[in-house]
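Read through the structure below, which is laid out as structure tokens, and then see the notes.
Computed from a prediction, not measured in an experiment: that's the story for all the values here.
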Amino acid sequence: MVKQFAERKVTMSTLSRTADETAAYLAEQMYHKATAPARKSFALAVMAGFLIGLGFVFYTTTQMGAVHAEWYGLTKLVGGVSFSVGLILVILTGADLFTSTTMTLIPLTEHRIRAGQWAKHWGIVYLGNFTGALVLAALIVASGTYMQGEGAWGAVAMSAAMGKLSHSWGQAFVLGILCNMLVCLAIWASYTGKTTADKILAAFAPIALFVATGFEHSVANMFLIPMAIATSRMVGPEFWTSEGPVALGLDPSATGTLTVQSFLLDNLIPVTLGNIVGGGLMIGMFFWWTHAKAGSTSASRR
């Protein structure tokens with residue numbers, strides 16, 4: 001029986017990582033991200049921005065008519081689970097997402113990469129994510145997706161974007177912190193597993209939590225808000241008189257807050273800074289300090 005237990009324990013250890021092993025694996029993954037060739041990093045970043053945008057496309061589709069649901073919280077849960085598809089695809093494809101890349105603070109702190117190398121990688125990934133998100137936004141607007149459900153799709157997207165622009169600078173910053181704590185916890189959780197199923201199951205719940213609660217993700221907003229701005233400028237009278245916008249009480253005068261300036265100054269900047277604090281410091285550096293660094297210090301003392 002003892003032998004069987006030992007064999008089972010060994011088998012289980014090959015399927016998952018302990019917290020210390022996960023911290024070491026995270027540090028290695030962040031090092032490889034930060035030292036990847038620039039062209040590869042940019043291409044993977046473009047794909048990540050595109051995939052996260054697709055997650056928001058799915059979320060928006062699930063929210064059509066949700067305002068009239070008896071249990072509104074359940075519709076938010078459905079939306080959160082739907083959005084998680086975007087991050088799951090990022091994890092499985094190895095795409096480079098800025099919010100998780102904030103954890104490259106780990107190899108910087110370990111002096112494995114230079115400050116210039118670290119800053120360059122962040123810039124490449126951020127620009128790549130923005131590019132991918134804008135490409136998808138242009139495709140969605142050009143496809144006329146906003147007219148789905150008698151205009152309900154476009155109305156939901158614009159309403160969601162206006163809600164994101166309604167936060168104060170401080171609120172947007174804190175919502176960004178909370179969001180990326182959960183995104184990076186999803187990455188951490190996915191790193192504990194070694195199979196595709198483990199990674200999917202580990203990642204979806206933290207993402208569903210942040211989306212359903214309304215926390216702020218900079219890359220998702222790179223898609224949603226520009227797409228909503230473009231939609232509000234392109235739609236004609238037939239959109240505003242269709243059932244979807246009417247049901248939400250949406251009219252052209254209500255979309256006046258959808259501007260590029262408001263997007264950049266009132267949302268993207270504070271949310272990005274919050275994402276850096278929440279993911280890079282409060283998750284990445286915390287778990288590196290408590291597991292990887294603490295473990296190496298203990299080992300050196302022995």
Side-chain angles (χ1 to χ4, degrees), residues 22-56 84-139 176 179-191 196 199 203 207 216-224 226 264 268-269 271-285 287-288 292:
T22 302
Y25 183 73
L26 173 67
E28 283 303 307
Q29 292 303 303
M30 293 302 115
Y31 171 76
H32 290 309
K33 276 179 176 284
T35 56
R39 284 187 296 180
K40 179 180 179 180
S41 293
F42 183 76
L44 290 174
V46 171
M47 180 54 67
F50 194 93
L51 293 176
I52 289 297
L54 285 178
F56 221 114
S84 69
V85 171
L87 187 78
I88 288 170
L89 290 174
V90 167
I91 292 170
L92 297 182
T93 60
D96 204 343
L97 184 65
F98 177 77
T99 45
S100 57
T101 292
T102 58
M103 294 190 289
T104 56
L105 284 170
I106 295 171
L108 178 67
T109 303
E110 292 177 327
H111 304 294
R112 298 179 69 189
I113 59 173
R114 302 181 305 277
Q117 192 176 16
W118 160 74
K120 178 182 177 182
H121 180 68
W122 272 27
I124 289 171
V125 174
Y126 197 80
L127 180 60
N129 286 172
F130 214 153
T131 301
L134 291 178
V135 167
L136 180 61
L139 291 174
C179 165
N180 212 28
M181 289 181 69
L182 288 162
V183 170
C184 290
L185 282 171
I187 298 297
W188 169 278
S190 74
Y191 282 174
T196 299
K199 294 177 183 298
I207 302 306
E216 294 286 334
H217 190 280
S218 56
V219 180
N221 292 351
M222 290 175 185
F223 162 75
L224 173 65
L264 296 175
L268 190 61
I269 290 175
V271 169
T272 298
L273 294 174
N275 286 169
I276 291 169
V277 173
L281 296 177
M282 298 179 72
I283 298 300
M285 291 301 297
F287 282 122
W288 171 78

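- Note on ring orientation: taking the six-membered ring where Trp is involved, the planes of Tyr191 and Tyr25 are perpendicular (angle over 60°, cut-offs 30° and 60°).
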Residues Leu97, His217; criterion side-chain contact (heavy atoms from CB on, under 4.5 Å); working and verdict: CA-CA 11 Å; Leu97 184 65; His217 190 280; 4.1 Å; yes
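- Taking CG from Asn221 and CZ from Phe56, the interatomic distance works out to 7.0 Å, rounded to the nearest 0.5 Å.
- Here the closest non-hydrogen pair linking Ala38 and Ile124 is CB-CD1, 3.7 Å.
- Within the model, atoms OG of Ser41 and CG of Leu127 stand 12.0 Å from one another, a figure rounded to the nearest 0.5 Å.
- The closest side-chain donor-acceptor pair between Thr102 and Asn275, if any, does not fall under 3.5 angstrom.
- Note that the CG atom of Leu105 and the CD1 atom of Ile283 stand 13.0 Å from one another [nearest 0.5 Å].
- Distance check: Arg112 CZ to Glu28 CD gives 4.0 Å after rounding to the nearest 0.5 Å.
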The test is side-chain contact (heavy atoms from CB on, under 4.5 Å); show your working for Ile106 and Phe287 and say whether it passes. CA-CA 10 Å; Ile106 295 171; Phe287 282 122; over 6 Å; no
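- Asn129 places a side-chain N or O within 3.5 Å of a backbone atom of Asp96 that can act as its donor or acceptor partner.
- Looking at every heavy atom in both residues, Met103 comes nearest to Gly279 through CG-O, 3.6 Å.
- Heavy-atom contacts from other residues, nucleotides or ligands closer than 6.0 Å to CE of Met282 number 12 or fewer.
- Pairing each heavy atom of Thr93 with each of Leu89, the nearest pair is OG1-O, 2.7 Å.
- The two residues Ala203 and Ala186 come nearest to each other via the heavy atoms O-CB, 3.7 Å.
- When all heavy atoms of Met30 and Pro107 are compared, the pair lying nearest together is CB-CD, 3.8 Å.
- When only modelled atom types and interatomic distance are considered, Thr104 and Trp122 share a side-chain donor-acceptor pair under 3.5 Å.
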Are Ile52 and Phe98 close enough, and set up right, to give a side-chain contact (heavy atoms from CB on, under 4.5 Å), and what steps lead you there? CA-CA 11 Å; Ile52 289 297; Phe98 177 77; over 6 Å; no
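- Note that CD1 of Ile207 is 7.0 Å distant from CG of Leu182, once rounded to the nearest 0.5 Å.
- Between the CG atom of Leu26 and the CH2 atom of Trp288 there is a distance of 11.5 Å, given to the nearest 0.5 Å.
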Show, in sequence, the C-alpha distance, side-chain angles and deciding distance for Thr131 and Phe42, and conclude whether the side-chain contact (heavy atoms from CB on, under 4.5 Å) test is met. CA-CA 9 Å; Thr131 301; Phe42 183 76; 4.0 Å; yes
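- A donor-acceptor contact shorter than 3.5 Å links the side chain of Asn180 to the backbone of Thr99.
- Minimum interatomic distance between Leu136 and Leu54 (heavy atoms only, all atoms of both residues): CD2-N, 3.2 Å.
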